[in-house]
2 protein chains.
Amino acid sequence: MKLEEGKAKFIQSWGTLGSAWGVNRTMAQIHALLLITPEALSAQEIMDDLKISLGNANMNLRALVDWGLVYKQLKAGERKDFFIAEKDMWDVVRKIAAQRKKKELEPVLKILNEVAEVEGSGIEAEEFKKIITEIQSFSQRADKSLDTLIKADSNWFLSTFMKMMK
Amino acid sequence: MKLEEGKAKFIQSWGTLGSAWGVNRTMAQIHALLLITPEALSAQEIMDDLKISLGNANMNLRALVDWGLVYKQLKAGERKDFFIAEKDMWDVVRKIAAQRKKKELEPVLKILNEVAEVEGSGIEAEEFKKIITEIQSFSQRADKSLDTLIKADSNWFLSTFMKMMK
DNA sequence: ACTTTGTTTCAGAATTTTCTGAAAGTTATG
DNA sequence: CATAACTTTCAGAAAATTCTGAAACAAAGT
(Lines give C-alpha, C1' and ligand atoms only; values in the text may rest on other atoms or scores of the structure.)
Protein backbone atom coordinates (compact mmCIF):
# COMPACT_ATOMS: atom_id res chain seq x y z
CA MET A 1 0.00 0.00 0.00
CA LYS A 2 1.18 3.50 -0.87
CA LEU A 3 1.72 6.03 1.88
CA GLU A 4 -0.96 8.37 0.55
CA GLU A 5 -3.48 5.58 0.42
CA GLY A 6 -2.61 4.49 3.94
CA LYS A 7 -3.04 8.00 5.25
CA ALA A 8 -6.42 8.36 3.58
CA LYS A 9 -7.59 5.04 4.93
CA PHE A 10 -6.53 5.88 8.44
CA ILE A 11 -8.22 9.28 8.37
CA GLN A 12 -11.42 7.75 7.07
CA SER A 13 -11.40 5.01 9.68
CA TRP A 14 -10.65 7.33 12.56
CA GLY A 15 -13.53 9.53 11.42
CA THR A 16 -15.90 6.59 11.59
CA LEU A 17 -14.66 5.59 15.02
CA GLY A 18 -15.00 9.14 16.25
CA SER A 19 -18.56 9.52 15.14
CA ALA A 20 -19.43 6.46 17.15
CA TRP A 21 -17.79 8.11 20.14
CA GLY A 22 -19.48 11.44 20.39
CA VAL A 23 -16.75 13.19 18.46
CA ASN A 24 -18.10 14.28 15.15
CA ARG A 25 -16.72 12.79 11.97
CA THR A 26 -14.85 15.86 10.77
CA MET A 27 -13.45 16.57 14.20
CA ALA A 28 -12.04 13.06 14.34
CA GLN A 29 -10.67 13.33 10.80
CA ILE A 30 -8.85 16.53 11.60
CA HIS A 31 -7.41 14.85 14.66
CA ALA A 32 -6.33 11.87 12.55
CA LEU A 33 -4.69 14.10 9.98
CA LEU A 34 -2.76 15.93 12.67
CA LEU A 35 -1.79 12.67 14.33
CA ILE A 36 -0.04 11.39 11.24
CA THR A 37 1.51 14.69 10.30
CA PRO A 38 4.85 15.26 12.02
CA GLU A 39 4.84 19.04 11.66
CA ALA A 40 2.11 21.49 12.64
CA LEU A 41 -0.51 22.40 10.01
CA SER A 42 -2.40 25.61 9.37
CA ALA A 43 -6.17 25.78 9.09
CA GLN A 44 -5.72 26.35 5.37
CA GLU A 45 -3.72 23.17 4.90
CA ILE A 46 -6.30 21.17 6.85
CA MET A 47 -9.12 22.60 4.77
CA ASP A 48 -7.39 21.72 1.54
CA ASP A 49 -6.41 18.29 2.65
CA LEU A 50 -9.82 17.22 3.94
CA LYS A 51 -11.79 19.31 1.42
CA ILE A 52 -13.82 21.08 4.04
CA SER A 53 -14.83 24.71 4.40
CA LEU A 54 -12.93 27.23 6.45
CA GLY A 55 -15.85 27.63 8.83
CA ASN A 56 -16.06 23.93 9.44
CA ALA A 57 -12.31 23.60 9.95
CA ASN A 58 -12.33 26.48 12.36
CA MET A 59 -15.21 25.22 14.46
CA ASN A 60 -13.85 21.73 14.78
CA LEU A 61 -10.33 22.90 15.49
CA ARG A 62 -11.63 25.02 18.28
CA ALA A 63 -13.53 22.09 19.72
CA LEU A 64 -10.40 19.93 19.52
CA VAL A 65 -8.38 22.59 21.29
CA ASP A 66 -11.12 22.87 23.95
CA TRP A 67 -11.01 19.14 24.52
CA GLY A 68 -7.21 19.27 24.79
CA LEU A 69 -6.71 16.89 21.89
CA VAL A 70 -4.99 19.46 19.71
CA TYR A 71 -2.68 22.33 20.57
CA LYS A 72 -2.39 25.68 18.90
CA GLN A 73 1.15 26.54 17.99
CA LEU A 74 2.43 29.95 17.01
CA LYS A 75 5.37 30.02 14.64
CA ALA A 76 7.79 32.90 14.80
CA GLY A 77 7.39 35.21 11.87
CA GLU A 78 4.05 33.68 10.87
CA ARG A 79 0.67 35.23 11.49
CA LYS A 80 -1.25 32.03 10.97
CA ASP A 81 -2.07 29.62 13.76
CA PHE A 82 -0.65 26.14 13.41
CA PHE A 83 -2.01 23.01 15.01
CA ILE A 84 -0.49 19.81 16.33
CA ALA A 85 -2.21 16.80 17.85
CA GLU A 86 -1.74 15.26 21.25
CA LYS A 87 -0.08 12.02 20.23
CA ASP A 88 -0.08 10.13 23.49
CA MET A 89 -3.06 7.81 23.10
CA TRP A 90 -3.47 7.37 26.80
CA ASP A 91 -3.78 11.11 27.16
CA VAL A 92 -6.27 11.24 24.32
CA VAL A 93 -8.47 8.68 26.02
CA ARG A 94 -8.26 10.47 29.35
CA LYS A 95 -9.25 13.74 27.81
CA ILE A 96 -12.20 12.26 25.98
CA ALA A 97 -13.26 10.48 29.16
CA ALA A 98 -13.10 13.72 31.11
CA GLN A 99 -15.28 15.55 28.60
CA ARG A 100 -17.86 12.84 28.39
CA LYS A 101 -18.03 12.31 32.12
CA LYS A 102 -18.85 15.96 32.56
CA LYS A 103 -21.27 16.20 29.67
CA GLU A 104 -23.07 12.90 30.12
CA LEU A 105 -22.53 11.03 33.33
CA GLU A 106 -22.80 13.96 35.73
CA PRO A 107 -26.19 15.17 34.48
CA VAL A 108 -27.55 11.65 34.81
CA LEU A 109 -26.28 11.39 38.37
CA LYS A 110 -28.00 14.63 39.18
CA ILE A 111 -31.32 13.37 37.79
CA LEU A 112 -30.93 10.08 39.64
CA ASN A 113 -30.49 11.91 42.90
CA GLU A 114 -33.62 13.89 42.22
CA VAL A 115 -35.86 11.04 41.19
CA ALA A 116 -34.64 8.78 43.98
CA GLU A 117 -36.81 10.86 46.27
CA VAL A 118 -40.21 10.32 44.74
CA GLU A 119 -43.01 10.26 47.23
CA GLY A 120 -45.47 7.44 47.59
CA SER A 121 -45.24 4.20 49.42
CA GLY A 122 -47.15 1.88 47.12
CA ILE A 123 -45.50 -1.19 45.71
CA GLU A 124 -44.99 0.66 42.46
CA ALA A 125 -43.10 3.49 44.11
CA GLU A 126 -40.99 1.00 46.07
CA GLU A 127 -40.03 -0.92 42.95
CA PHE A 128 -39.17 2.30 41.21
CA LYS A 129 -36.96 3.48 44.05
CA LYS A 130 -35.26 0.12 44.20
CA ILE A 131 -34.16 0.09 40.59
CA ILE A 132 -33.21 3.76 40.66
CA THR A 133 -31.06 3.16 43.70
CA GLU A 134 -29.32 0.31 41.98
CA ILE A 135 -28.60 2.36 38.87
CA GLN A 136 -27.46 5.17 41.10
CA SER A 137 -24.96 3.08 42.98
CA PHE A 138 -23.63 1.64 39.76
CA SER A 139 -23.27 5.07 38.22
CA GLN A 140 -21.50 6.43 41.26
CA ARG A 141 -19.02 3.61 41.03
CA ALA A 142 -18.47 4.36 37.35
CA ASP A 143 -18.05 8.02 38.21
CA LYS A 144 -15.37 7.29 40.78
CA SER A 145 -13.57 4.90 38.46
CA LEU A 146 -13.50 7.57 35.80
CA ASP A 147 -12.09 10.07 38.27
CA THR A 148 -9.25 7.70 39.02
CA LEU A 149 -8.66 7.06 35.35
CA ILE A 150 -8.69 10.74 34.48
CA LYS A 151 -6.16 11.59 37.13
CA ALA A 152 -3.93 8.61 36.54
CA ASP A 153 -0.83 8.55 34.40
CA SER A 154 0.15 6.13 31.73
CA ASN A 155 2.01 3.82 34.10
CA TRP A 156 -1.05 3.43 36.22
CA PHE A 157 -2.97 2.38 33.17
CA LEU A 158 -0.41 -0.23 32.26
CA SER A 159 -0.32 -1.64 35.74
CA THR A 160 -4.11 -1.77 36.08
CA PHE A 161 -4.19 -3.39 32.70
CA MET A 162 -1.84 -6.07 34.00
CA LYS A 163 -3.96 -6.57 37.13
CA MET A 164 -7.06 -6.94 35.03
CA MET A 165 -5.46 -9.53 32.89
CA LYS A 166 -4.55 -11.91 35.65
CA MET B 1 -41.75 14.67 43.44
CA LYS B 2 -44.63 12.55 42.22
CA LEU B 3 -43.98 9.04 40.97
CA GLU B 4 -45.21 9.82 37.48
CA GLU B 5 -42.98 12.84 37.25
CA GLY B 6 -39.99 10.84 38.46
CA LYS B 7 -40.60 8.16 35.89
CA ALA B 8 -40.86 10.68 33.09
CA LYS B 9 -37.68 12.41 34.19
CA PHE B 10 -35.75 9.19 34.36
CA ILE B 11 -36.93 8.07 30.91
CA GLN B 12 -36.01 11.40 29.41
CA SER B 13 -32.59 11.42 31.04
CA TRP B 14 -31.79 7.84 30.06
CA GLY B 15 -32.75 8.70 26.47
CA THR B 16 -30.27 11.56 26.44
CA LEU B 17 -27.54 9.40 27.90
CA GLY B 18 -28.25 6.67 25.37
CA SER B 19 -28.04 8.95 22.40
CA ALA B 20 -24.59 9.98 23.52
CA TRP B 21 -23.68 6.31 23.66
CA GLY B 22 -24.57 5.01 20.26
CA VAL B 23 -27.96 3.77 21.38
CA ASN B 24 -30.63 5.87 19.80
CA ARG B 25 -32.84 8.03 21.92
CA THR B 26 -36.02 6.01 21.54
CA MET B 27 -34.22 2.75 22.05
CA ALA B 28 -32.82 4.03 25.33
CA GLN B 29 -36.20 5.38 26.39
CA ILE B 30 -37.88 2.06 25.79
CA HIS B 31 -35.15 0.44 27.82
CA ALA B 32 -35.68 2.97 30.61
CA LEU B 33 -39.42 2.41 30.63
CA LEU B 34 -38.95 -1.33 30.88
CA LEU B 35 -36.34 -0.91 33.60
CA ILE B 36 -38.72 0.88 35.90
CA THR B 37 -41.71 -1.28 35.11
CA PRO B 38 -41.86 -4.39 37.30
CA GLU B 39 -44.06 -6.42 34.96
CA ALA B 40 -43.58 -7.10 31.26
CA LEU B 41 -45.13 -4.67 28.78
CA SER B 42 -46.59 -5.23 25.32
CA ALA B 43 -45.53 -3.24 22.26
CA GLN B 44 -48.88 -1.49 22.42
CA GLU B 45 -48.35 -0.31 25.98
CA ILE B 46 -44.89 0.97 25.13
CA MET B 47 -46.22 2.84 22.11
CA ASP B 48 -48.91 4.51 24.16
CA ASP B 49 -46.63 5.35 27.02
CA LEU B 50 -43.86 6.91 24.95
CA LYS B 51 -46.17 8.24 22.23
CA ILE B 52 -44.31 6.59 19.40
CA SER B 53 -45.52 4.71 16.37
CA LEU B 54 -45.89 0.98 16.20
CA GLY B 55 -43.20 0.72 13.55
CA ASN B 56 -40.77 2.65 15.65
CA ALA B 57 -41.53 0.63 18.77
CA ASN B 58 -41.12 -2.58 16.86
CA MET B 59 -37.79 -1.67 15.29
CA ASN B 60 -36.26 -0.48 18.52
CA LEU B 61 -37.56 -3.41 20.52
CA ARG B 62 -36.00 -5.76 18.05
CA ALA B 63 -32.70 -3.93 18.32
CA LEU B 64 -32.87 -4.11 22.13
CA VAL B 65 -33.58 -7.83 21.98
CA ASP B 66 -30.65 -8.26 19.55
CA TRP B 67 -28.37 -6.45 21.93
CA GLY B 68 -29.59 -8.63 24.79
CA LEU B 69 -30.81 -5.65 26.80
CA VAL B 70 -34.44 -6.70 26.65
CA TYR B 71 -36.08 -10.10 26.65
CA LYS B 72 -39.20 -11.20 24.88
CA GLN B 73 -41.61 -12.94 27.17
CA LEU B 74 -44.58 -15.03 26.11
CA LYS B 75 -47.51 -15.07 28.48
CA ALA B 76 -49.73 -18.12 28.59
CA GLY B 77 -53.08 -17.41 27.02
CA GLU B 78 -51.88 -14.19 25.37
CA ARG B 79 -51.04 -13.79 21.75
CA LYS B 80 -49.06 -10.61 22.23
CA ASP B 81 -45.35 -10.53 22.92
CA PHE B 82 -44.34 -8.95 26.19
CA PHE B 83 -41.00 -7.39 26.98
CA ILE B 84 -38.89 -7.09 30.10
CA ALA B 85 -35.54 -5.37 30.55
CA GLU B 86 -32.30 -6.81 31.73
CA LYS B 87 -32.05 -5.10 35.10
CA ASP B 88 -28.53 -6.01 36.13
CA MET B 89 -26.60 -2.87 35.27
CA TRP B 90 -23.33 -4.69 35.08
CA ASP B 91 -24.82 -7.01 32.48
CA VAL B 92 -26.20 -4.05 30.56
CA VAL B 93 -22.77 -2.47 30.38
CA ARG B 94 -21.16 -5.71 29.30
CA LYS B 95 -23.66 -6.21 26.53
CA ILE B 96 -23.26 -2.70 25.22
CA ALA B 97 -19.48 -3.08 25.39
CA ALA B 98 -19.66 -6.31 23.42
CA GLN B 99 -21.75 -4.74 20.66
CA ARG B 100 -19.59 -1.70 20.36
CA LYS B 101 -16.35 -3.62 20.40
CA LYS B 102 -17.55 -5.65 17.47
CA LYS B 103 -19.03 -2.75 15.54
CA GLU B 104 -16.36 -0.16 16.21
CA LEU B 105 -13.10 -1.33 17.67
CA GLU B 106 -12.61 -4.41 15.53
CA PRO B 107 -12.96 -2.63 12.17
CA VAL B 108 -10.41 -0.05 13.30
CA LEU B 109 -7.96 -2.77 14.32
CA LYS B 110 -8.33 -4.30 10.89
CA ILE B 111 -7.58 -1.00 9.16
CA LEU B 112 -4.61 -0.38 11.46
CA ASN B 113 -3.14 -3.75 10.51
CA GLU B 114 -3.52 -2.90 6.87
CA VAL B 115 -2.09 0.58 6.95
CA ALA B 116 0.80 -0.43 9.21
CA GLU B 117 2.35 -1.98 6.13
CA VAL B 118 2.65 1.03 3.88
CA GLU B 119 5.65 0.92 1.59
CA GLY B 120 8.25 3.63 1.41
CA SER B 121 11.24 4.27 3.57
CA GLY B 122 11.34 8.07 3.60
CA ILE B 123 11.16 9.93 6.86
CA GLU B 124 7.51 10.61 6.24
CA ALA B 125 6.67 6.91 5.89
CA GLU B 126 8.67 6.13 9.01
CA GLU B 127 6.86 8.71 11.07
CA PHE B 128 3.55 7.43 9.82
CA LYS B 129 4.38 3.85 10.69
CA LYS B 130 5.58 4.88 14.10
CA ILE B 131 2.37 6.58 15.15
CA ILE B 132 0.22 3.88 13.58
CA THR B 133 2.11 1.24 15.51
CA GLU B 134 1.58 3.13 18.72
CA ILE B 135 -2.14 3.47 18.13
CA GLN B 136 -2.25 -0.17 17.18
CA SER B 137 -0.64 -1.38 20.36
CA PHE B 138 -2.90 0.81 22.43
CA SER B 139 -5.98 -0.45 20.62
CA GLN B 140 -4.96 -4.04 21.03
CA ARG B 141 -4.59 -3.47 24.73
CA ALA B 142 -8.07 -1.94 24.84
CA ASP B 143 -9.41 -4.86 22.84
CA LYS B 144 -8.01 -7.37 25.28
CA SER B 145 -9.27 -5.42 28.27
CA LEU B 146 -12.72 -5.40 26.77
CA ASP B 147 -12.60 -9.14 26.21
CA THR B 148 -11.84 -9.63 29.87
CA LEU B 149 -14.59 -7.26 30.88
CA ILE B 150 -17.15 -8.88 28.61
CA LYS B 151 -16.44 -12.33 29.94
CA ALA B 152 -16.20 -11.33 33.56
CA ASP B 153 -18.97 -11.49 36.10
CA SER B 154 -20.18 -8.87 38.48
CA ASN B 155 -17.84 -9.93 41.28
CA TRP B 156 -14.87 -9.47 39.04
CA PHE B 157 -16.03 -5.96 38.32
CA LEU B 158 -16.32 -5.16 41.99
CA SER B 159 -12.91 -6.54 42.77
CA THR B 160 -11.22 -4.74 39.89
CA PHE B 161 -12.97 -1.64 40.98
CA MET B 162 -11.43 -2.07 44.40
CA LYS B 163 -7.99 -2.63 42.92
CA MET B 164 -8.31 0.48 40.81
CA MET B 165 -9.20 2.52 43.79
CA LYS B 166 -6.16 1.76 45.83
C1' DA C 1 -61.10 -20.76 4.67
C1' DC C 2 -62.23 -16.54 6.58
C1' DT C 3 -61.61 -13.20 10.27
C1' DT C 4 -59.19 -11.26 13.92
C1' DT C 5 -55.10 -10.09 16.37
C1' DG C 6 -50.59 -9.05 16.31
C1' DT C 7 -45.90 -8.29 13.95
C1' DT C 8 -42.73 -6.73 10.38
C1' DT C 9 -41.21 -3.93 6.69
C1' DC C 10 -40.12 0.07 4.30
C1' DA C 11 -40.81 4.44 1.40
C1' DG C 12 -41.32 8.93 2.25
C1' DA C 13 -41.73 12.60 6.03
C1' DA C 14 -39.92 14.84 9.91
C1' DT C 15 -36.25 15.90 12.72
C1' DT C 16 -31.57 16.53 14.09
C1' DT C 17 -26.91 17.25 13.06
C1' DT C 18 -23.35 19.05 10.45
C1' DC C 19 -21.44 22.06 6.82
C1' DT C 20 -20.88 26.04 3.85
C1' DG C 21 -20.01 30.60 2.48
C1' DA C 22 -20.26 35.14 3.17
C1' DA C 23 -20.02 38.86 6.31
C1' DA C 24 -18.17 40.67 10.52
C1' DG C 25 -14.40 40.71 13.66
C1' DT C 26 -9.49 40.93 15.00
C1' DT C 27 -4.68 41.83 14.79
C1' DA C 28 -0.36 42.94 12.56
C1' DT C 29 2.07 45.81 9.34
C1' DG C 30 3.39 49.65 6.35
C1' DC D 1 -5.14 54.77 10.13
C1' DA D 2 -5.62 52.07 6.06
C1' DT D 3 -4.89 47.74 4.30
C1' DA D 4 -3.90 43.06 4.30
C1' DA D 5 -3.83 38.55 6.59
C1' DC D 6 -6.15 35.69 9.15
C1' DT D 7 -10.08 34.02 12.34
C1' DT D 8 -14.73 33.78 14.02
C1' DT D 9 -19.61 33.63 13.66
C1' DC D 10 -23.90 32.23 12.08
C1' DA D 11 -28.09 31.79 8.97
C1' DG D 12 -29.53 28.90 5.71
C1' DA D 13 -28.35 24.60 2.92
C1' DA D 14 -27.18 19.91 2.83
C1' DA D 15 -26.72 15.54 4.74
C1' DA D 16 -27.61 12.00 7.98
C1' DT D 17 -30.60 9.89 11.12
C1' DT D 18 -34.85 8.61 12.97
C1' DC D 19 -39.92 8.15 12.77
C1' DT D 20 -44.48 7.34 10.89
C1' DG D 21 -48.21 5.08 8.81
C1' DA D 22 -49.86 2.04 5.76
C1' DA D 23 -49.43 -2.21 3.54
C1' DA D 24 -47.76 -6.89 3.63
C1' DC D 25 -47.19 -10.77 6.39
C1' DA D 26 -48.03 -14.40 10.01
C1' DA D 27 -50.42 -17.04 13.25
C1' DA D 28 -54.37 -18.33 15.91
C1' DG D 29 -59.34 -18.70 16.59
C1' DT D 30 -64.11 -19.68 14.66
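Just so it is clear, the model here is predicted, and its values are computed rather than measured. Just the heavy atoms: all of them, side chains too, but no hydrogens, waters or symmetry mates, feed the values below. Quick note on labels: first sequence line is chain A, next is B, and so on, each numbered from 1.
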For the residue pair A:E45 and A:D49, establish whether any side-chain heavy-atom pair is separated by less than 4.5 Å.
no
What I'd like to find out is whether the side chain of A:F138 reaches to under 4.5 Å of the side chain of B:V93, using heavy atoms alone.
yes
Could you tell me how far apart [X] ([atom1]) and [N] ([atom2]) are, to the nearest whole angstrom?
{"X": "A:Q44", "N": "D:dT8", "atom1": "CD", "atom2": "P", "answer": "14 Å"}
{"X": "A:N58", "N": "C:dT18", "atom1": "CG", "atom2": "P", "answer": "17 Å"}
{"X": "B:I30", "N": "D:dC19", "atom1": "CD1", "atom2": "C1'", "answer": "12 Å"}
{"X": "B:D48", "N": "C:dG6", "atom1": "CG", "atom2": "P", "answer": "13 Å"}
{"X": "A:M47", "N": "C:dT18", "atom1": "CE", "atom2": "C1'", "answer": "16 Å"}
{"X": "B:E45", "N": "C:dT7", "atom1": "CD", "atom2": "P", "answer": "11 Å"}
{"X": "B:D66", "N": "C:dT8", "atom1": "CG", "atom2": "P", "answer": "11 Å"}
{"X": "B:I52", "N": "C:dT7", "atom1": "CD1", "atom2": "P", "answer": "14 Å"}

First encountered from the 5' end of DNA chain D, between B:N56 and A:K72
A:K72
Shortest side-chain distance from [X], nucleotide among [options]:
{"X": "B:R62", "options": "C:dC19, D:dT8, C:dT8", "result": "C:dT8"}
{"X": "B:N24", "options": "D:dC19, D:dA4, D:dT8", "result": "D:dC19"}
{"X": "B:R79", "options": "C:dT9, C:dT20, D:dA27", "result": "D:dA27"}
{"X": "A:L54", "options": "D:dG21, D:dT7, D:dT9", "result": "D:dT7"}
{"X": "A:M59", "options": "D:dC19, C:dT7, D:dC10", "result": "D:dC10"}

Under 4.0 Å, counting only non-hydrogen atoms across every strand here, what does A:T26 touch: a base, just sugar-phosphate, or nothing?
sugar-phosphate
When rounded to the nearest 0.5 angstrom, what is the spacing between CE in A:M47 and CG in A:L41?
13.0 Å
Kindly indicate, with the supporting measurements, whether the criterion salt bridge (charged side-chain N to carboxylate O under 4.0 Å, His left out) is fulfilled by B:D66 and B:R62.
CA-CA 6 Å; B:D66 281 350; B:R62 185 140 38 78; 5.4 Å; no
Report yes or no: is the cationic atom of B:R100 (NZ for Lys, CZ for Arg) closer than 6.0 Å to the six-membered ring centre of B:W67, at no more than 45° off its axis?
no
